[in-house]
Student: 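For reference, the structure I am asking about is given below.
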Amino acid sequence: MSIAYRYSKPSYFTGKIYNINRLSRTLYEIDINIIQDKLISLPPQFVLVCVPGYEAVPMSIAVQEENGGVIKLIVKPVGETTNKLVTLNNEYIGIIGPLGKPLLPSGDKILLLAGGSGVAPMLRFAQYYASLKKDITFVFGAWESDEIGDVPGIIRRYASEVITTCTNGCDIRGTVVDVLKYGYVREDEYDYVFVAGPEIMIRNIANYVKNQYKTIVIMERLVRCGLGLCGSCIISGTNKLLCYDGPGFVLSDIVEVLRQ
Amino acid sequence: MSIAYRYSKPSYFTGKIYNINRLSRTLYEIDINIIQDKLISLPPQFVLVCVPGYEAVPMSIAVQEENGGVIKLIVKPVGETTNKLVTLNNEYIGIIGPLGKPLLPSGDKILLLAGGSGVAPMLRFAQYYASLKKDITFVFGAWESDEIGDVPGIIRRYASEVITTCTNGCDIRGTVVDVLKYGYVREDEYDYVFVAGPEIMIRNIANYVKNQYKTIVIMERLVRCGLGLCGSCIISGTNKLLCYDGPGFVLSDIVEVLRQ
Amino acid sequence: MDITLETIISGKKLSNPLMNASGILGDAPDAIRLLNSMGFGCIVTKTLTLRPREGYRPPIIVPLDYGLINAVGLANPGIRIGAELVFAARNNGIPIALSIGGKTSKEFIELATIAMEYDPDFIELNLSCPHTPGYGIDAAKTVKAIKDIVCSVASIASIPIWAKLSFSRNLVSEAEAALSCGASTIVLINTIPAMVIDPYIKTPILSHGWGGLSGPAIHPIAVYSVYRVYEELNAEIIGVGGAETWRDVIEFILAGASAVQIGTGLIRKGHNIVREIIHGIKSYMREIGAKSIHELIGIAHKK
Amino acid sequence: MDITLETIISGKKLSNPLMNASGILGDAPDAIRLLNSMGFGCIVTKTLTLRPREGYRPPIIVPLDYGLINAVGLANPGIRIGAELVFAARNNGIPIALSIGGKTSKEFIELATIAMEYDPDFIELNLSCPHTPGYGIDAAKTVKAIKDIVCSVASIASIPIWAKLSFSRNLVSEAEAALSCGASTIVLINTIPAMVIDPYIKTPILSHGWGGLSGPAIHPIAVYSVYRVYEELNAEIIGVGGAETWRDVIEFILAGASAVQIGTGLIRKGHNIVREIIHGIKSYMREIGAKSIHELIGIAHKK
Ligand SMILES: Cc1cc2nc3c(=O)[nH]c(=O)nc-3n(C[C@H](O)[C@H](O)[C@H](O)COP(=O)(O)OP(=O)(O)OC[C@H]3O[C@@H](n4cnc5c(N)ncnc54)[C@H](O)[C@@H]3O)c2cc1C
Ligand SMILES: Cc1cc2nc3c(=O)[nH]c(=O)nc-3n(C[C@H](O)[C@H](O)[C@H](O)COP(=O)(O)OP(=O)(O)OC[C@H]3O[C@@H](n4cnc5c(N)ncnc54)[C@H](O)[C@@H]3O)c2cc1C
Ligand SMILES: Cc1cc2nc3c(=O)[nH]c(=O)nc-3n(C[C@H](O)[C@H](O)[C@H](O)COP(=O)(O)O)c2cc1C
Ligand SMILES: Cc1cc2nc3c(=O)[nH]c(=O)nc-3n(C[C@H](O)[C@H](O)[C@H](O)COP(=O)(O)O)c2cc1C
Ligand code: FES
Ligand code: FES
C-alpha cells in the first residue's frame with residue numbers, strides 16, 4: 001500500500017501561501033507551503049486557518065502533497081475572514097491541525113458527491129483512494145455553471161469519472177441528488193458513498209440513500225477550539241463532537257439528527 | 001547487525017531489584033527490572049541509582065537484557081549508599097539514565113582490561129561485541145583471589161578468553177598491567193584495547209600502551225547531576241565533562257591528564 | 001477485600017477520584033452526557049458567569065508538544081444553563097460541581113444563590129482563570145480578595161464550596177484564607193499565563209495574545225502546589241494539571257489530593273483516558289498491595 | 001549590507017544575543033573555557049554566594065520529557081572564584097556577567113563590592129532561585145525586598161546591574177521596582193517550583209523534595225513574562241526559559257528581549273546548540289529580509 005495510515009498530532013504550523021487561483025465564480029484554490037515542517041493528514045481531516053488580524057476558520061485539506069509539506073485548500077469566500085484569505089498570496093498564515101479523525105473504509109468502487117465547497121474534502125478522498133488505485137466516480141454540483149468553472153480539471157487528476165450538475169450548462173441539469181434519483185449513477189454499484197456540501201444537500205441525500213452503513217457524510221458545525229474542548233461543535237442530539245469524532249460520520253450514526 | 005545503534009534519552013525510571021548475588025568478597029551483582037519501561041543504553045553509558053533515603057550514585061550498566069527492560073549492575077560497596085544498595089533485594093529504586101555517550105569503535109579483536117568494579121563497564125562492552133560475534137579477550141584483576149570469586153562465570157558468557165590476575169591463586173600472578181608487560185597478551189594483536197578500574201591502574205596502563213588512539217579508558221569523577229549542567233565531573237585540565245563527553249575517552253584525548 | 005477506587009470529597013462518596021476539569025465540555029446537557037459516558041466519578045461544569053459570554057475569537061487554543069495554551073475567554077451560556085446541567089447529571093446518577101465565576105464578591109454571591117437553586121453537589125469557585133480581564137485571578141488577586149469572595153459565598157452556601165486557585169508565590173496563604181472562610185476543598189491548579197508567537201507572522205498566535213498553559217508542562221508545578229498546601233495546611237485537595245496517565249494521578253494522590261481533575265489529557269489521550277487511568281491505578285494498587293485510595297492520600301510526606 | 005547578529009546589552013555590544021543561563025557550568029575556569037568554545041556572545045557565571053556551598057545531595061536533577069527539575073541548592077565555590085572566572089573570560093575575549101546571590105541586601109552589597117574588584121562586564125542579581133531557603137525568591141519575596149536589594153547594590157555599583165526575576169503574579173511591579181532603582185536590564189525567568197514523586201518509592205525524587213522546572217515546559221511562560229514586561233515598561237530584557245531552537249530565541253526577541261540565555265537546551269540539544277541556533281536565526285533573517293537583531297526586538301507588540 002502506498003499511503004501509510006499515519007497522521008501528525010495536532011500542532012501549530014506556519015504556512016506560506018504561494019499560489020491563489022480563482023477556479024470559479026465562488027471557489028478559489030490556495031496552495032500553502034508548510035514552513036520547515038510537515039502536516040500529515042488523512043481524509044477527512046481539516047485545519048484551522050488563522051488569518052492574521054482576522055479569525056481562525058475551519059478548512060478541509062483538499063489535497064496533500066510532498067508528504068504534508070504542501071497542502072491545497074478549496075475556499076468559498078462567504079464572510080470577512082474567508083474573503084480576506086483569498087487575497088493573501090505570498091503571505092504567511094497560521095495553521096492548526098490536522099483536526100478530526102480519519103474515516104477511511106476500504107472499498108474498490110467509491111462514489112463521491114460534492115456540493116459547493118464540499119468539493120474540498122471529497123477531493124482529498126479522491127486523492128487518497130486514487131493512490132490506492134481504486135475506481136472513483138466524482139459528482140460535483142452547484143447552482144450555476146459559473147460556479148463549476150475549472151474545478152473538474154483538478155478533480156480529474158484523481159477520479160476516473162467526473163460528472164457535474166447545475167441548473168444549466170453542466171453534464172446533468174439538476175442537483176447532486178438528482179444524479180442518484182434519476183439513475184445516472186447507481187448507489188448500489190459502489191462500496192462506499194461519500195457526501196459533502198450544504199447541510200440541506202446532505203439531508204436530501206440522507207433521505208434518499210438506501211444503505212446508511214455505507215454512506216459517509218461530512219458535517220459542518222461552528223468550530224472554535226477544534227480540539228474537542230469547548231463543546232461548540234457538538235452535534236446536538238448526540239454526544240458527538242464534530243472536531244473530535246468527525247467531521248466525517250457514518251450516516252447511520254447521525255441520521256436521526258439529519259432527519260430532525 | 002543485530003544491535004541497532006540506538007539508546008534512550010536520559011529519563012527517570014523506577015526499578016525493582018529482583019536479585020542480589022554476592023559474586024566475590026567485594027563485588028555484588030544486582031539485577032533490576034525497569035518497571036513498565038525500557039532503559040536502552042550502549043556501552044559505556046551509566047546510570048544514577050537513587051537509593052531512597054540515601055544518595056544517587058553513578059553505576060555502569062554491566063549487562064542489558066530484554067531490550068533494556070532489565071539491567072544488571074556490578075557493585076562494589078565502598079560507602080554509605082553502596083552498602084545500602086546491596087541490601088535492597090525486592091525493593092524499588094530510582095534510576096536516571098542512560099547518561100554519557102556511547103563509544104563503540106569497530107574492530108574484530110577486542111581486548112578488555114578490568115580492575116575491581118571496572119569489570120562492570122567492561123562486561124557491557126563484552127556483551128556488545130559478543131553480539132557482533134567479535135573475538136574478545138577479557139582480563140580481570142584484583143588484589144586477592146577472593147575478590148575474583150564468581151565473576152569469571154559471568155564474563156565467560158560473552159568473552160572467548162578470560163584471564164584473571166591477582167597476588168595469588170589466579171591465572172596470572174600480578175596486576176592487569178603485568179599481563180601486557182610480560183606478554184601474556186600482546187596489545188598489537190588487538191584492534192582496540194578498553195580499560196576500566198582504579199585510576200592508578202588506568203595511569204599505569206596509559207604509561208605502558210603504545211597506541212593511544214586505539215586505547216579507550218573509562219574514567220570516574222564525582223558525578224552530581226549526570227547531565228552536564230553542574231560542572232562537578234569536569235576533567236580538570238581539559239574542557240571535557242565526564243558525564244557528557246565520557247565516561248569513555250580515547251586515551252590520546254586525555255593522556256595529558258593521566259600523566260599529571 | 002477487593003480494591004476500591006472510591007474517594008470522599010467534602011463528605012460525599014465518589015465512585016472514583018477522577019473528574020473533568022472545569023471548562024472542558026461542561027456547558028451543555030449533551031456535553032454532560034458525553035462526559036458521563038467516559039466514566040468520571042464526578043462532573044464539573046464550565047465556569048458559568050451571570051450573563052452569557054461569547055469569549056474570544058478563534059484561535060483560542062494553540063496545541064504544543066507538551067500541553068496547550070488556551071484563551072477561550074470564559075465563553076459560556078450563563079448561569080441559567082446550570083439548571084439543565086445539574087438535571088442531566090442527576091439523570092445520569094453522577095455527582096456534579098457547578099463552577100461559577102464573578103468579578104466581585106457581590107457577583108459571586110448572586111451566582112452562588114442561583115446555583116444553589118439548582119442543587120448541585122458542590123460549587124467550585126473559579127478564583128484563578130488567568131486570561132479574562134475582571135475574572136479569575138483579576139477578581140482574586142490578593143489574599144484579601146480571596147477571603148472576601150470565599151467568606152461571602154460560604155456565609156450563604158448550604159452545600160460544600162471548593163476554591164480553585166492557581167500556582168502563585170502566596171499559594172499557601174491563599175489556600176489558608178479560603179479554608180478559614182469555610183471552603184471545604186482546595187482545587188489546584190488553574191492554567192499559568194503563557195504566550196506563543198509566530199516568528200513569520202510576528203504576532204502572538206492567540207487572538208487574545210496570551211492564554212493559560214495546561215497539560216504535562218504544568219503537571220510538576222501542580223504536584224508541587226498540592227504537596228505544599230497539604231504539607232502546610234493538611235487540607236482536602238483536588239489536584240489538576242497535566243494528569244494524563246495513572247502515574248500522574250497517583251502522584252497527585254501521594255502528594256495529598258483526594259481527587260484529580262483531567263482537562264487537556266482528554267484531548268491528548270482521547271476519551272478513553274478515564275478507563276485507561278482507572279485500569280492503571282488498579283494494577284498499581286494490586287502491585288503495591290493497596291486496597292483503597294484513602295490509604296494513599298498524602299503518604300509522600302515525610303512522616 | 002550583510003546580516004549581523006550583534007546586540008546591545010546595557011550599552012555594551014555583544015557579538016550575538018546568546019549566553020548561557022546562570023548555573024549551567026559557570027563555576028570553574030575550565031567550564032568558562034568550555035562555554036566559550038560553544039560560541040556564546042556572553043558568559044554568565046553560576047550564582048556565587050559569600051561562602052562556598054555544598055548544595056543538596058544527589059539526586060539534584062530529574063530529566064523529564066519536556067524539561068528538567070533541578071534542586072542543586074546553589075552549590076558553588078563562593079564569590080572568591082569570581083577572580084579566576086573573569087580572568088578566564090577576559091583571556092578568551094568574551095564578556096562575562098557575574099551572578100551573585102545573597103540572603104539580605106547587606107550580603108548583596110558585600111558580594112557586589114567583591115565582584116566589582118574582579119571587574120566583570122555585568123553583575124546579575126539572582127532574586128529568583130526557588131529552592132534554596134534564604135536565597136532567591138526567599139530573599140526577594142516582595143516588591144519592597146526587591147527594591148531594597150537592587151537599590152542598595154545600584155547605589156555602590158559602577159557597572160551595569162541585571163535583575164533576574166522569575167514568573168510571578170506581580171512580575172510587572174517587581175520589574176518596575178528593579179528598574180526604578182537603576183537596574184539596567186531585567187532577566188526573565190528563573191525556574192518555577194515543581195516536584196516529581198515516584199509512585200512506587202512513594203516519595204519525591206529529588207533529595208530536596210521540590211526543585212525548579214526549566215526547559216520547553218516553561219518557555220511559553222517565559223515568553224509571556226518577557227512580553228508583559230516589555231509591553232508595560234519598555235525595559236531592556238534578557239529572555240531565558242526553554243530556548244532550544246532558533247524559533248524559541250526569535251520568539252523572545254519579538255516579544256521584547258535583546259538577548260537570550262540558554263540553560264536546559266545545552267543538555268537537550270547538546271553543545272552544538274549555539275551554532276545551530278545562530279545558523280537558524282541567520283536563515284530566518286534572510287528569509288524575512290531582516291538585517292539586524294535590533295530591528296526585530298519587540299515587534300510582536302501591536303504598534
Ligand atoms: C470541518 C469544516 C470544514 C470546512 N471546510 C471548508 C472548505 O474546505 N472550504 C470552504 O470554503 N469552507 C469550509 N468550511 C466552512 C468555512 O469554515 C466557513 O465558510 C468559514 O468559517 C466562514 O468564515 P468567515 O469569517 O469568512 O465567515 P463568517 O463571517 O463567519 O460567516 C459568513 C457566513 O457563513 C456562515 N458560516 C460560517 N461558518 C459556518 C460553518 N462552519 N458552517 C456553515 N455556515 C457557516 C455564517 O453563518 C454566515 O452566514 C468548513 C467548515 C467546517 C466546520
Ligand atoms: C561513571 C561511573 C561509573 C561507575 N560505575 C560503577 C560500577 O559499575 N560499580 C561500582 O561499584 N562503582 C561504580 N562507580 C563508583 C561508584 O559510583 C562509587 O563507588 C559510589 O558513588 C560510592 O558511593 P557511596 O555513597 O557508597 O560511597 P561514598 O561514601 O560516597 O564514598 C566512599 C569512598 O569512595 C570514594 N568515592 C566515591 N565516589 C567515587 C567516585 N566517583 N570515584 C572514585 N571514588 C569515589 C570516596 O572518596 C570514599 O573514599 C562508578 C563511578 C562513576 C563515576
Ligand atoms: C480549553 C480550556 C478551558 C478552560 N476553562 C476553564 C474554566 O472555565 N474554568 C476553570 O476554572 N478552569 C478552566 N480551565 C482550566 C482547567 O480547568 C484546568 O485547571 C487546567 O487546564 C489544568 O488542567 P489540565 O492540564 O488537565 O488541562 C480551562 C482549561 C482549558 C484547556
Ligand atoms: C541545573 C540548573 C542550575 C541552575 N542554577 C542557577 C543559578 O545558580 N542561578 C540562577 O540565577 N539560575 C539558575 N538556574 C536557572 C537558569 O539560569 C534558568 O533561569 C532556567 O533554567 C530557565 O532556563 P532554561 O529553560 O534555558 O534552562 C539553574 C537552572 C538549572 C537547570
Ligand atoms: S470546536 Fe471546540 S469542541 Fe469542537
Ligand atoms: S555531573 Fe554535573 S556536569 Fe557532570
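Everything numeric in this text was worked out from a predicted model, so none of it was measured. The figures here come from the full heavy-atom set of this structure, side chains too, leaving out hydrogens, waters and symmetry mates. Here is the naming used below: chain letters follow the sequence lines, and residue numbers restart at 1 for every chain.
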Student: When you measure from the side chain of D/Arg268 to the backbone of D/Asp65, do you find a donor-acceptor pair of N or O atoms at a distance under 3.5 Å?
Tutor: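 Answer holds: yes.
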Student: Please determine, among C/Trp246, C/Tyr224, C/Tyr227, C/Trp210, the option with the most heavy-atom pairs under 4.5 Å with chain D.
Tutor: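 The answer is C/Tyr224.
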Student: Pick one of side chain, backbone, both or neither for D/Ile218, based on which atoms fall under 4.5 Å of a heavy atom in chain C.
Tutor: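 Neither part; nothing is under 4.5 Å.
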Student: So what's closer than 4.5 Å to chain D heavy atoms on C/Ile253: side chain, backbone, both or neither?
Tutor: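 When you check distances to chain D, no heavy atom of C/Ile253 falls under 4.5 Å.
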Student: Would you confirm whether D/Thr132, through its side chain, and D/Tyr135, through its main-chain N or O, come within 3.5 Å as a donor-acceptor pair?
Tutor: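 Not confirmed, D/Thr132 side chain does not pair with D/Tyr135 backbone.
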Student: Donor-acceptor check, side chain of C/His131 to backbone of C/His208, threshold 3.5 angstrom: yes or no?
Tutor: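 No, because the side chain of C/His131 does not come within donor-acceptor range (under 3.5 Å) of the backbone of C/His208.
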Student: With respect to chain D, which residue among C/Ser168, C/Ser166, C/Ala194, C/Gly209 yields the maximal number of heavy-atom pairs within a distance under 4.5 Å?
Tutor: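 Ranked by contacts with chain D, first place is C/Ala194.
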Student: Checking the side chain of D/Asp248 only, and the main-chain atoms of D/Glu244 only, is there a donor and an acceptor separated by less than 3.5 Å?
Tutor: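 Yes; judged by distance alone, with no hydrogens or angles, the pair exists.
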Student: Look at D/Val62, D/Ile192, D/Ile288 and state which one has the largest set of heavy-atom pairs under 4.5 Å with chain C.
Tutor: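 Counting heavy-atom pairs under 4.5 Å, the top option is D/Ile192.
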Student: Are any side-chain N or O atoms of D/Glu251 and backbone N or O atoms of C/Ile197, one a donor and one an acceptor, separated by less than 3.5 Å?
Tutor: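 Yes, D/Glu251 side chain to C/Ile197 backbone: donor-acceptor pair under 3.5 Å.
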Student: Heavy-atom cut-off 4.5 Å, strictly under: side chain, backbone, both or neither for D/Phe252 against chain C?
Tutor: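 For D/Phe252, no heavy atom lies under 4.5 Å from chain C.
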Student: Would you find a donor on one side and an acceptor on the other, under 3.5 Å apart, between the side chain of D/Ser207 and the backbone of D/Arg57?
Tutor: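 Confirmed, D/Ser207 side chain pairs with D/Arg57 backbone.
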Student: What residue, out of C/Thr203, C/Ile250, C/Leu254, has the most heavy-atom pairs lying under 4.5 Å from chain D?
Tutor: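 Option with the top pair count is C/Leu254.
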Student: Pick one of side chain, backbone, both or neither for D/Leu64, based on which atoms fall under 4.5 Å of a heavy atom in chain C.
Tutor: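 Just its side chain gets close to chain C.
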Student: Can you say whether D/Ile221 sits under 4.5 Å from chain C via the side chain, the backbone, both, or neither, judging by heavy atoms?
Tutor: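 For D/Ile221, heavy atoms of backbone and side chain both lie under 4.5 Å from chain C.
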Student: Which label fits C/Tyr284 and D/Tyr200: parallel for a plane angle under 30°, tilted from 30 to 60°, or perpendicular past 60°?
Tutor: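 Answer is perpendicular, since the angle exceeds 60°.
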